[in-house]
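To start, the structure under review is shown below, and the notes come after it.
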Amino acid sequence: MNVMSAAIVRRFPTRPAPGRRGRPRPPAPEVQTEPAVSNLRVAVVMLLAAEAMFFAGLIGAYLVFRLGNASWPPGDLPRLPLGVTWANTGVLLASGFTMAAALGASRAGLQTALARNLLWTALLGTLFLLIQGSEWTRLVHHGLTLSAGAYGATFYALIGAHALHVAGALIWLGAIALWTRSSRPSPEQVGRIEALAIYWFFVCALWLVLFALVYR
Amino acid sequence: MNEYAETCRRIVGRLGLPAVLLAASPDHVLAQGCAMCRTALSGPQDPLAMGLNTSILFLMSMPFVLVASVGAWLTYMFRRARHRPANVYLLPTQAEEGQS
C-alpha cells in the first residue's frame, strides 16, 4: 500500500451486490489512480529535511563562533582562497545544469543523452572534490588545521560535511549510471534519477549558502 | 468538500480557540538564560551574546521553515494531481486473477 493512500480511490464496493433475478453480479474491478507524490520523492524530501537540520546545527555553531569573535578570521591564520573557490562554485553549478539535462533526457527516454549528461555531472562533481582537496592541502600546509582553534574546526566541519555529501551523491550517481547504461530508462529508473537529481540540486544550493557564509 | 479540507477545518476548529486564548494571555514570563550562559557572558553587549542570540534565532526558525516548505510542496503536488486528468487504471479482480 502506498504511503499516499489518500490518493487511492475505491469507487466500487468490494463485495458484489446481488444482480437482477438474484444472480450474483461479478465483482467490479477496483479503480486506482496514480499517487500525487511517489514514495521515493517523499523519502528523499524527508532525508533532505533531516540534512537541512544537520547543516543548520553546524551553521548555528559557526555563527556563535564567528559573531562572538572580534577578529574573524584570526590574524595568525591564512585567509581562505576566494578566487579558486569562485571557480569551484562555477564547476558545481555547471554540474547542476548537466544533472537537469540528464533528468530531462531520462523523462524523454533518450538513453544516449542521459548517459552523456550523467557522465558530465560525475566528472564535474569529481573535479569539484579534487579542487577542494588541493585547496585543503595548501591550507593545512599554511597552518589551518582542524585543531587550529574554532576557525579551523568550524571551517573543516562545515565544508567537510558538504564534501562528504557530494562524495555520497557521486557514489549514488555511479550506481544510477551503471543501471541505465544499457537500455532506455524504465519509469522506475526515471523515478530514481529524479530522486538523485533532487539530492544533487540540494547539494548545489547548500554550497551557495556555505560559500556565502564561510568564504565572505 | 473533500476529506482533506474537512479534516483541516476540524483541526483548526478544535485548536483555534485554545491557541487564541493562549496568545491573548496577559501573564508576563521571566526570561532568563541558563547558568552557563549567564557566567560566560558579560552582558547583552558581549559579542558572544550576539552570536548566541543570532544562532538561537536561526536554529529556532529552521524547523518552521522546513515544515512550511514541505507542507507547501505537498499541497502544491496534491492540488496539481487533482486538477490534471487522472491516469486511471483498473486493478484485476479476484476472478481475473484466478483465471491467469
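Sequence lines set the chain letters: A, B, ... in the order given, protein chains first and strands last, and positions in each chain run from 1.
- In this view, A:Trp72 and A:Tyr62, A:Tyr151 satisfy the ring pair (Phe, Tyr, Trp, His ring centres under 6.0 Å) rule, not counting sequence neighbours.
- At a heavy-atom separation below 4.5 angstrom, chain B is approached by A:Val45, A:Met46, A:Ala49, A:Ala52, A:Met53, A:Ala56, A:Gly57, A:Ile59, A:Gly60, A:Ala61 within residues 44-61 of chain A.
- Among the residues in residues 199-211 of chain A, none has a non-hydrogen atom closer than 4.5 angstrom to a non-hydrogen atom of chain B.
- When heavy atoms are compared at a cutoff of 4.5 Å, A:Arg66 does not approach chain B at all.
- Heavy atoms of other residues, nucleotides or ligands lying less than 6.0 angstrom from CH2 of A:Trp136 number more than 12.
- Heavy-atom proximity under 4.5 angstrom to chain B picks out nothing from residues 90-107 of chain A.
- Around CZ of A:Arg79, the count of heavy atoms belonging to other residues, nucleotides or ligands within 6.0 Å exceeds 12.
- For the pair B:Gly51 and A:Leu67, the tightest heavy-atom approach, listed with the atom from each and the gap, is CA-CB, 3.5 Å.
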